Every structure is written in structure tokens, then in C-alpha cells.
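Working notes, structure below.
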Amino acid sequence: MPVKNRFAELHDDITAWRRDLHAHPEILFETHRTSALVAEKLRAFGCDAVTEGIGRTGVVGVIKGKSDKSGKVIGLRADMDALPIHEQTGVDYASRTDGAMHACGHDGHTAMLLGAARYLAETRNFDGTVVVIFQPAEEGGGGGREMCEDGLMERWGIQEVYGMHNWPGVPVGSFAIRPGAFFAATDQFEVFLEGKGGHAAKPQETVDTTVMAAQLVLALQTIASRNADPVDPLVVSVTSFETSSKAFNVIPQRVHIKGTVRTQSAEMRKLAEERLTAICAGVAATFGGTADVRYYHGYPVMVNSEEQTEFAADVARSISGQCAEAPLVMGGEDFAYMLEERPGAYILVGNGDTAPVHHPEYNFNDEAIPAGCSWWAEIVERRMPA
Ligand SMILES: [Zn+2]
Ligand SMILES: [Zn+2]
């Protein structure tokens, strides 16, 4: 089966919704216009229930099938938030909000799940219940976690959850997925190094924090190169280095370092935190200073369930003829919290040969809509056959 005919008919409508969302990007939990628009459309489609304000600005819609002999409840999730990037696509529906942009394609994700909801509410050709989940704040805010904390899974009795992300570099109309660990855990750290500031011409009277911090940045690279199992992925990146002086002739009293740690297993995540803390203390002590380390746990590793991944890949193959094995991704994904609570799978849908996500020239490819919507609809109709 290629794409569903109904989505060829709805393609123009869904594209228009997508471009409207694109012109009005909203960041993190501030998806007020987007959430209101989603809720309004779900009601207009005839969803059985629509609830707003889950996980602050999240929206949940319920669509009951023709029958409910199976008692099954499947959750389908899309993200709605944009990024703080100045758009440079030059398209006529470009962002009207300076400094905000749909640079990760969540406009496309929202529009595709709306399209699927419209179809499912029209046809109801399944035995069970679908819960469509629209979450804010995927880009670092933990909107998925907040929806889970608001009782998303229990309140709607969700038994399985599915998610989708567009992927530049994968051909339009095709898919890629992998079972097990897929997207990385994303932790952050800050280190405040304290020494003894003074005159740059009298280093012997100081405890030089810049030399200490320079050694520390290099020493932190040994976590990945010397402590980690080489076949278990780990990234440690220092991304900010600020001294307390801007002068040419002052040895600064303090240096503030920031960075991120990406891992694909709980063991590696624990090891990285332990080694980072120990190395900071050790390097600071070596040079006579102190290190105050703050380590912040971000999104957990996103793990696809075996059975649901095989099913999701099978559905993808029925639409596009094949489904590629996706590589491990060292970026994070807030859907990880939903997959920690319920079995499910997260798939990549091709965005074609476009700029990468989070780039100012990136744009969601509207040609991906029929395949993406068909995958959502087929997940429901095949998992809960009427
Ligand atoms: Zn993103
Ligand atoms: Zn994204």
C-alpha cells in the first residue's frame, strides 16, 4: 500500500495549516496560539474529547473507533514548539516573529498529526481508542515530561505511544528507525573555578584560573577517550569559557565553564558524571584552586521498544516499500519520558535533501505530509483492526 488516497486529497489543507504554523512560531511553553489552534481544529474534526492545559500548554484529543472490543488505547504524539533562531529561508510564509523560527519542523509534525486526527475522526475504522498528544517545549523545556507528570498516561489509559520526527537526508516518502537506545541522554554541567586573581606580571602571587581551566577542558576529553568503553557512545563538549576579567593584564579570580554530556546508556551516563566531578576537583586541587561543579540531568536516553519498533517499521514498509536502519542520534528527544512510561516507537520520516534541523535555512518539506499522515493512520488501523 502506498500513501492513503485521503491524504492526497487533504494535502493542500494540511500544507496550509503547516505554513500558517510556520509563520507564527512560538518557543518552549509559550505555544498559546498554536495550542488554541490545535484544540479548535480537533473540536471541529469531531474528536470525542479535547483537553487543554496538560503540561501547561499541551493539548490532548480523544478519538473513539467504530467499536471498542479490544479495549486498546494508543497515544500518538507531536511536538509544537519552535526555536530561538532568526529565519533565513526567504519563503513567503517565513516567521513573522523576529528571533523565533520553526527550524526543527515541529510545524510539520503538528500539521501531520492534525491531518491524521481529521482522517481518523472521519473514518473511525478501528477497534479501540486513539489519544492524540500535542506537546509544547520539546526543545529543552521538558514539555513531554510535564505532560507525563500531569498524568497523561494514566488519565487517558494510554497503553502504547508512537512518535515521529522529520529527518533531512532521508528521502521524502521514506522512513528510518532502530530498536533499543536511539536518542541520547542530554545532561549539562557548569564549573565555577576559583583561584587567586592578581597582576598578570606577577603570576607567582596568583592562583591562575585560566591555566587551571585550560587544563580542565583538555582533561575532560579523557572521559570519552580513556574512561569510556569505546563501543558505548559518549560526547563531552565544553561550550562556554568565561573569565571574570576582560583585561589584558589581570589574572582572573574566577572562570566559569559550561558544557554538555551525551550518552546512550545509564552506565555511561553515571560514569561520565562521576568522572567529570572527580576530574574537576582533581585539576583544581593540582593548581591550588577549587571547583564548584553543578551537574544537571536533562532528557534520558530515548529507547524504542522491540515489538512496537518492528511493527512501526512494518507499517513504514507498507507505505514506502522499505524502512532503513536509523543511526544512533546523540541529540536528545523529550519523547524519551513517554517511552519510559509506556512501550512504543519513534520513527524518522524523510525530509529530503534540505538544510539540517536547527539551521536558519531549514524548512519542513510539505511533500513528506502524505507519507507521515499515512503512517499515523496505518499505525492505528493495523494495531487496532476494526
Ligand atoms: Zn530540534
Ligand atoms: Zn525536533
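Just follow the structure's listing: the first ligand is 1, and inside any ligand the first atom is 1. A quick note: this is a predicted structure, and the numbers were derived from the prediction, not measured.
The distance between the ring centers of Phe335 and Tyr299 does not fall below 6.0 angstrom. Aromatic ring centroids of Trp167 and Tyr346 lie 6.0 Å or more apart.
For residue His106, an N/O/S atom approaches the Zn ion (ligand 2) to within less than 2.8 Å. In summary, Glu139 places an N/O/S atom under 2.8 Å from the Zn ion (ligand 1), meeting the contact criterion. Here His358 reaches the Zn ion (ligand 1): one of its N/O/S atoms is less than 2.8 Å from the metal.
Panel note: side chain Arg178, backbone Ala326; a donor-acceptor pair is recorded below 3.5 Å.
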Stepwise, does the side chain to side chain contact (heavy atoms under 4.5 Å, CB included) test hold for Glu381 with Thr123? CA-CA 10 Å; Glu381 292 178 354; Thr123 53; 4.2 Å; yes
